[in-house]
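Since we're looking at a predicted model, the values are computed, not measured. Every number for a ligand or one of its atoms is a count from 1 in the order of the listing.
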Amino acid sequence: MSIQIIGVIGAGQMGQGIAQVMACAGYQVQLVDSSASALDKAFVSIRHSIDKLTSRGVLDAGNDYIASIQCSTELTSLASADLVIEAATESEKIKIAIFQELATVCQDSTLFASNTSSLSITRLAASIPNPERMIGMHFMNPVPLMKLVEIIDGLQTADTTRDAVMEVAKNAGKIAIAVKDRAGFVLNRILLPMINEGIFVFEEGCASAEQIDQIMMLGAGHPIGPLALADLIGLDTCLSIMDVLHTQFGDSKYRAAPLLRQMVDAGQLGKKGGQGFYQYGN
Ligand SMILES: NC(=O)c1ccc[n+]([C@@H]2O[C@H](COP(=O)([O-])OP(=O)(O)OC[C@H]3O[C@@H](n4cnc5c(N)ncnc54)[C@H](O)[C@@H]3O)[C@@H](O)[C@H]2O)c1
């Protein structure tokens with residue numbers, strides 16, 4: 001099918017990145033968030049990111065990419081979308097409510113993709129009348145810079161749905177890799193337990209946050225340390241992923257570090273909130 005209009009739900013760090021790369025790939029983008037202030041912030045940050053990439057010569061200075069992005073707080077604005085990519089908060093309850101409303105708002109032919117980090121695509125798909133049009137499209141953070149997109153079929157996803165989103169990912173300059181619908185897929189099943197272990201090591205006082213990050217960068221060749229990465233991902237998202245891994249696999253090796261849960265309870269969500277393992281001047 002021909003995809004021209006892409007809806008993006010959630011204007012947080014992932015949604016704004018997805019909206020940006022889709023606009024730069026030539027799609028019309030409708031960005032929706034329940035929070036008007038999140039939309040305002042997203043617009044400023046997309047403009048800043050596009051300006052930066054244009055000044056580096058990555059994007060064409062003669063193209064007004066931002067003009068392709070419309071913002072709204074209403075899901076009804078997605079009525080004519082060909083594909084909707086959901087990037088709202090990592091909660092099955094929130095995502096199912098969104099997809100159920102979308103199923104009543106969008107055309108029967110509209111494809112639905114979730115950018116979930118860990119939740120079952122099969123379960124999300126089962127919440128709407130025609131699950132064959134639902135798929136996982138897991139972008140990496142920061143979206144404009146990271147090449148990978150994991151593509152996850154639910155049990156009932158149609159081949160035509162997968163082909164269409166693979167094409168969109170390719171047009172957006174990404175490398176799409178299809179993986180199985182298992183909790184955390186591939187990337188987060190490996191990455192999050194490593195980050196969680198970093199938090200245990202910190203909690204036990206084995207080393208400072210800076211030392212832990214330096215050790216993993218200098219000793220394991222990682223481009224960013226696990227605690228700085230946890231802050232970048234968002235500690236609430238990290239905790240949700242660990243809880244999904246723990247529940248789905250029933251293995252105690254996936255239990256979240258108590259400090260991670262405490263920091264989320266205290267509202268310390270990492271870079272996006274200004275305070276995590278490090279402090280940020282947002
Ligand atoms: N942060 C990462 O590194 C990362 C990487 C890959 C995937 N993801 C996934 O992407 C999704 C979003 O993560 P994020 O880091 O952008 O989160 P975020 O907290 O930065 O943003 C989430 C946004 O969703 C909005 N939202 C919540 N409920 C909504 C609703 N019912 N309707 C419309 N908007 C709603 C919030 O207002 C917020 O602006 C999650 O599923 C997460 O697991 C995150």
When you pair each N or O of ligand 1 with protein N or O atoms, which pairs come out under 3.5 Å?
from     : atom 1 : to   : atom 2 : distance (Å)
ligand 1 : 1 (N)  : Q13  : NE2    : 3.3
ligand 1 : 1 (N)  : I233 : O      : 2.8
ligand 1 : 3 (O)  : N141 : ND2    : 3.0
ligand 1 : 8 (N)  : S117 : OG     : 3.1
ligand 1 : 10 (O) : N115 : ND2    : 2.9
ligand 1 : 15 (O) : Q13  : NE2    : 3.2
ligand 1 : 16 (O) : Q13  : N      : 3.3
ligand 1 : 16 (O) : M14  : N      : 2.9
ligand 1 : 19 (O) : K272 : NZ     : 2.9
ligand 1 : 20 (O) : Q13  : N      : 3.2
ligand 1 : 34 (N) : S34  : N      : 3.3
ligand 1 : 37 (O) : D33  : OD1    : 2.7
ligand 1 : 37 (O) : D33  : OD2    : 3.4
ligand 1 : 39 (O) : D33  : OD2    : 2.6
ligand 1 : 41 (O) : A88  : O      : 3.2
ligand 1 : 41 (O) : E90  : OE1    : 2.5
ligand 1 : 41 (O) : K95  : NZ     : 2.8
ligand 1 : 43 (O) : E90  : OE1    : 2.8
ligand 1 : 43 (O) : S117 : OG     : 2.6

query: Hey, are the side chains of E203 and P258 touching, using non-hydrogen atoms and a 4.5 Å cut-off?
result: yes
message: Whether R189 engages the ring of Y254 as a cation-pi pair (distance to the six-membered ring centre under 6.0 angstrom, angle to the ring normal within 45°) should be assessed.
response: no
message: Given 3.5 Å as the limit, does a donor-acceptor pair link the side chain of K272 with the main chain of Q13, or not?
response: no
query: Between T237 and E90, do the side chains contain an N or O donor and an N or O acceptor separated by less than 3.5 Å?
result: no
query: Which word best sums up how the rings of F277 and F202 line up, parallel for under 30°, tilted for 30 to 60°, or perpendicular for over 60°?
result: perpendicular
- line: Interatomic distance, CZ@R261 vs CG@L235, rounded to 0.5 Å, equals 12.5 Å
